[in-house]
Amino acid sequence: MKKIFLYASLSIAGMVSTVSCTKDLTSLNNDVKKPDVVAASALYASATKELADLLTSTSVNLNIYRLIVQQWTENTYLDESNYNLIKRSIPDAVWSALYTDVLKDLSEARKVVEADASISAATKKNQLAQIEIMSIFATSVAVNTFGNVPYSKSLDIDNLFPVYEDGLTIYNDLLTRLDAALTSFDASAEGFGTANMLFPGDEINSWIKFGNSLKFRLGMTLVDAAPDKAAAAVTAAEPKAFNTMGEFARFPYSTVPPNTNPLWEDLVQSGRHDFNATTLMINQLKTLNDPRIGQFFTTVDGQFIGLQYGTKGSYVAYSHPGDKLERKDLPGVFIDYSEIEFLRAEAIERGLITGVAATHYNNAITNSIVSWGGTAAEAVTYLAQPSVAYATATGTYKQKIGLQKWIALYNRGFDAWVEARRLDYPVFVPGPTARSPWPVRFTYPVSEQNLNRTNYDKAAKDLGGDGDRVTTKIFWDK
């Protein structure tokens, strides 16, 4: 499908207009391999994969979150480890991926479903709810990356200069939309069938759990910015979120290109060896006798050795990402049970729900260890250590949960970045030649500054703080 970048120049808009006016004249030469209408299932599947790719990739042109949270560091070219977002136009790439490759395709899929009279009313409701949940998920990624962003008019091709809307207002609307989507599901009917790759068999009940898990996450993200709104979302969603070991929403990559995990493409197919484990990550795992260390990283002469963050070194002299991360079909995770259990532990500490925080903390860590290939017995031994046990580990609940969540979110750099900003732990020290302090948001794309300047200027001012800088906190980051 031909995609049109949403925030185009006026000259490009003119080209689009010309194509639209001459469409009927070209119908006699219609190319059946380039249809005017694409199936909703194809649009939905493409958008889902694009979102998974964005969150899973380790391309320095797109996803540098593993570097920002210092799970990995670069060993040769240090631009991204030095927080240089501009050299490779990383904000532009993320913005385009979210708005053009994900949200636009989901919007088009919604239009096709709504116009399709051949599907039953129940199936149509399920498909629209699935589209809506993925759209809400992608929009939350945009807000959590940039702060205030174009929202209600962002996908209108006739509106070349969309305004930026307040992040809290967007979050409130996302929760309203999510409630509507969750109540519209009909478990007696299917949704997108085989095009739905998140849950085999298109299990609607799993979609309901996924949607509530997302609602729980959104509510907890709001907890310091809008306590009442957060409490309402959390108490409603938590009982219906993932609640069993091994539950997750994840994208099932294939062993057959081009549907392989982008990590394999970046780490193996590319032939490049750019990334090593950080000293911070390795030392923390070794100090805690963490059984996941051998799954996360390789050894050098039988030892786990980290490279100091933001410094150059030889790839072979330091531990690097483990073999499991080089699997072609390693799934891309959207949300899993460990994440939800950590949220439950935090929600209990904040007085939002009842229960024993230590129990959910233990469940989260156990699920993570087992999902990485460890055993329940290893988890018991790990949790019995005074440095890990919830009652005796160092620090406040934010520090205890923050540290263990950072470890459990290994290979999920974006989510680790969000949680480190929320919980203020771990604390990351920039490398010796860093361009800025630790980034708490991405700056807006250069394309927005050039093509949507008036709205960009207002958005930068509305952010407060230092304006459009990596040091300006997003509204929920208190």
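Note that the coordinates shown come from a computational prediction; the quantities given were computed from them, not determined experimentally. Just so you know, residue 1 is the first one in the sequence shown, and it goes up from there.
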(Q) Hydrogens and angles aside, do R469 and T443 bring a side-chain donor and acceptor to less than 3.5 Å of each other? (A)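 Short answer, no.
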Q) Got a sec, which pairs hit salt bridge (charged side-chain N to carboxylate O under 4.0 Å, His left out) with one end in residues 248-267, sequence neighbours left out? A)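 Pairs touching residues 248-267 that pass the test: none.
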Q) Between D224 and R350, is there a salt bridge with N-O shorter than 4.0 Å? A)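 Here R350 pairs with D224 in a salt bridge, since their nearest N and O are under 4.0 Å apart.
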(Q) For A181 versus A129, what's the shortest heavy-atom pair and its separation? (A)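 Between these two residues, the closest heavy atoms are O-CB, 3.6 Å.
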Q.
Closer than 4.0 angstrom, basic N to acidic O: yes or no for R88 and E80?
A.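 Salt bridge: yes.
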Q. Aromatic ring centroids of W95 and F146 under 6.0 Å?
A.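 Ring-ring flag for W95/F146: true, centres closer than 6.0 Å.
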**Q.** Reported OG-to-CG distance for the pair S338 and N367, which is rounded to 0.5 angstrom
**A.**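 These two atoms lie 3.5 Å from each other.
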Q) Are D105 and R110 close enough, and set up right, to give a salt bridge (Lys or Arg N to Asp or Glu O under 4.0 Å), and what steps lead you there? A) CA-CA 9 Å; D105 275 4; R110 182 183 294 110; over 6 Å; no
Q | Aromatic contact, F248 with F199 (centres under 6.0 Å) | A |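 When the ring centroids of F248 and F199 are compared, they turn out to be at least 6.0 Å apart.
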(Q) Tell me every residue that passes ring pair (Phe, Tyr, Trp, His ring centres under 6.0 Å) with Y309, counting only those two or more places apart in sequence or in another chain. (A)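 Not a single residue meets the ring pair (Phe, Tyr, Trp, His ring centres under 6.0 Å) criterion with Y309.
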Q.
Any salt bridge linking D424 with K478? Criterion: basic side-chain nitrogen under 4.0 Å from a carboxylate oxygen.
A.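 Not counted as a salt bridge, because no side-chain N and carboxylate O are separated by less than 4.0 Å.
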Q) Where the side chain of T279 meets the backbone of Q308, is there a donor-acceptor pair that is under 3.5 Å apart? A)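 Yes; judged by distance alone, with no hydrogens or angles, the pair exists.
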Q) Side-chain donor-acceptor pair under 3.5 Å between N63 and S57, yes or no? A)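 Per modelled atom types, N63 and S57 side chains form no pair under 3.5 Å.
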**Q.** Euclidean distance, L106 CG relative to T48 OG1, rounded to 0.5 Å
**A.**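 Separation between the atoms: 6.5 Å.
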Q: With the side chain counted from C-beta on, respond yes when T454 and F161 share a heavy-atom pair under 4.5 Å apart, and no when they do not.
A: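 No. Closest side-chain heavy atoms not under 4.5 Å.
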Q. Under a 4.5 Å cut-off applied to non-hydrogen side-chain atoms, are P426 and F428 in contact?
A.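 Yes, side chains in contact.
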Q) Would a distance-only check, ignoring hydrogens and angles, find a side-chain to backbone donor-acceptor pair under 3.5 Å from S319 to F304? A)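 No: the side chain of S319 does not pair with the backbone of F304.
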**Q.** Results of side chain to side chain contact (heavy atoms under 4.5 Å, CB included) for L78 - residues two or more places apart only
**A.**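 Checked L78 against side chain to side chain contact (heavy atoms under 4.5 Å, CB included); matches are E74, N82, K312.
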I'd like a table of donor-acceptor pairs (distance under 3.5 Å, sequence neighbours excluded) in which one partner is a side-chain atom from residues 460-467, with atom names and distances.
unit_1	atom_1	unit_2	atom_2	d
D462	OD2	K458	NZ	2.7
D466	OD2	T471	OG1	2.9

Q: Side-chain contact test, heavy atoms from C-beta onward, threshold under 4.5 Å: evaluate it for W438 versus V429 and give yes or no.
A: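 The answer is no, as the side chains (C-beta and beyond) never meet within the 4.5 Å cut-off.
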Q.
Could you check whether any side-chain heavy atom of I90 comes within less than 4.5 Å of a side-chain heavy atom of V94, counting everything from C-beta outward?
A.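 Of all side-chain heavy-atom pairs linking V94 with I90, at least one is under 4.5 Å.
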**Q.** Any donor-acceptor N/O pair, T287 side chain to N283 backbone, under 3.5 Å
**A.**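 Yes, because the side chain of T287 sits within donor-acceptor range (under 3.5 Å) of the backbone of N283.
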Q: Kindly compute the distance separating CG (N276) from CD1 (I305), expressed to the nearest 0.5 Å.
A: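 N276 atom CG to I305 atom CD1 measures 10.5 Å (nearest 0.5 Å).
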Q) Between Y164 and Y444, how do the two ring planes meet: parallel, tilted or perpendicular, split at 30° and 60°? A)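 Plane angle over 60°, so perpendicular.
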Q: Could you list the residues that satisfy salt bridge (Lys or Arg N to Asp or Glu O under 4.0 Å) with R272, not counting sequence neighbours?
A: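 Expected list: D274.
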Q: Could you check if a side-chain atom of L103 sits within less than 4.5 angstrom of a side-chain atom of S154, using non-hydrogen atoms only?
A: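 L103 vs S154: side chains apart.
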Q. Is any side-chain heavy atom of V256 closer than 4.5 Å to a side-chain heavy atom of K328?
A.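 No, side chains not in contact.
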Q.
Within this structure, what is the CD-CD1 distance for the pair E339 and I335, rounded to the nearest 0.5 Å?
A.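 That separation rounds to 5.5 Å.
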Q.
Using the ring pair (Phe, Tyr, Trp, His ring centres under 6.0 Å) criterion, which residues pair with F296? Sequence neighbours excluded.
A.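 Testing F296 for ring pair (Phe, Tyr, Trp, His ring centres under 6.0 Å), a comparison that skips the adjacent residues, returns W372, Y410.
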Q. In this structure, are over 12 heavy atoms from other groups packed under 6.0 Å from K324 atom NZ?
A.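 Yes, because the 6.0 Å sphere around NZ of K324 holds more than 12 heavy atoms from other groups.
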**Q.** pair L198-W207: side-chain heavy atoms closer than 4.5 Å
**A.**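 The answer is yes, as the side chains (C-beta and beyond) meet within the 4.5 Å cut-off.
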**Q.** side chain to side chain contact (heavy atoms under 4.5 Å, CB included) involving R453 - partner list, sequence neighbours excluded
**A.**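 Result, side chain to side chain contact (heavy atoms under 4.5 Å, CB included) vs R453: Q449, Y456, D457.
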Report, one line per pair, each donor and acceptor closer than 3.5 Å where one atom sits in a side chain of residues 413-422; sequence neighbours left out.
unit_1	atom_1	unit_2	atom_2	d
D415	OD2	R412	NE	3.3
D415	OD2	R412	NH2	2.9
W417	NE1	P439	O	3.0
E419	OE1	K405	NZ	2.8
E419	OE1	R422	NE	3.3
E419	OE1	R422	NH2	2.8
E419	OE2	R422	NE	3.3
R421	NE	W417	O	3.3
R421	NH1	N144	O	3.0
R421	NH1	V440	O	2.8
R421	NH2	N144	O	2.9
R422	NH1	M220	O	3.2
R422	NH1	E346	OE2	3.0
R422	NH2	E346	OE1	2.6

**Q.** Atom pair CG (D336) and OG (S368), whose distance is rounded to the nearest 0.5 Å
**A.**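 It comes to 7.5 Å.
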Q. Do K104 and E108 meet the salt-bridge criterion of a basic N to acidic O distance under 4.0 Å?
A.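 The answer is yes: the pair qualifies as a salt bridge.
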Q. About how many Å separate OG1 of T396 and CG of L423, when rounded to the nearest 0.5 Å?
A.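 Answer for the CG-OG1 pair, L423 versus T396, is 9.0 Å.
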Q: Mark yes or no for whether N75, through its side chain, and S314, through its backbone, hold a donor-acceptor pair below 3.5 Å.
A: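 Flag not set: sc N75 to bb S314 has no pair under 3.5 Å.
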(Q) Quick check against the 3.5 Å criterion: does Q127 have a side-chain atom that pairs as donor or acceptor with the backbone of G191? (A)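 At least one qualifying donor-acceptor pair exists.
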(Q) D92 vs S447, test: side-chain hydrogen bond (donor to acceptor under 3.5 Å, both in side chains). Steps then yes/no. (A) CA-CA 7 Å; D92 295 71; S447 59; 3.3 Å; yes
Q.
Checking S140 against R217: is there a side-chain donor and acceptor pair closer than 3.5 Å?
A.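 R217 vs S140: no donor-acceptor pair found between side chains.
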Q. Can you name the ring pair (Phe, Tyr, Trp, His ring centres under 6.0 Å) partners of Y318, sequence neighbours left out?
A.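 In terms of ring pair (Phe, Tyr, Trp, His ring centres under 6.0 Å), with neighbours along the sequence ignored, Y318 is linked to no residue.
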Q) Sequence neighbours excluded, which residues qualify as side chain to side chain contact (heavy atoms under 4.5 Å, CB included) partners of N261? A)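 Partners of N261 under the side chain to side chain contact (heavy atoms under 4.5 Å, CB included) test: T56, Y253, L263, L330.
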Q | Check: D477 side chain, K473 main-chain N or O, donor-acceptor pair, under 3.5 Å | A |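 Pair absent, no side-chain N/O of D477 close to backbone of K473.
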Q) Taking T176 for the side chain and N172 for the main chain, is one N or O donor matched with an acceptor at less than 3.5 Å? A)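 Yes, the answer is positive, given that a donor and an acceptor are paired below the 3.5 Å cut-off.
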Q.
List the residues meeting side chain to side chain contact (heavy atoms under 4.5 Å, CB included) with D329, not counting sequence neighbours, and say none if there are none.
A.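 Result, side chain to side chain contact (heavy atoms under 4.5 Å, CB included) vs D329: T255, R327.
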Q.
Taking the six-membered ring for Trp, are H320 and F275 closer than 6.0 Å centroid to centroid?
A.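 When the ring centroids of H320 and F275 are compared, they turn out to be at least 6.0 Å apart.
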Q) Would you find a donor on one side and an acceptor on the other, under 3.5 Å apart, between the side chain of T472 and the backbone of D468? A)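 Here the side-chain-to-backbone pair does not exist.
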Q: With side-chain contact (heavy atoms from CB on, under 4.5 Å) as the test, would you mind laying out the steps for F242 and F210 before giving the verdict?
A: CA-CA 7 Å; F242 292 143; F210 173 38; 4.2 Å; yes
Q. With side chains defined as the heavy atoms from C-beta onward, is the minimum distance between N148 and T169 less than 4.5 Å?
A.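 Answer no - side chains too far apart.
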Q. Looking at residues at least two apart in the chain, or sitting in another chain, which of them share a ring pair (Phe, Tyr, Trp, His ring centres under 6.0 Å) with Y77?
A.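 Not a single residue meets the ring pair (Phe, Tyr, Trp, His ring centres under 6.0 Å) criterion with Y77.
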**Q.** Side-chain donor-acceptor pair present, T278, Q71, cut-off under 3.5 Å
**A.**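 No, because no side-chain N or O of T278 sits under 3.5 Å from a partner of the opposite role on Q71.
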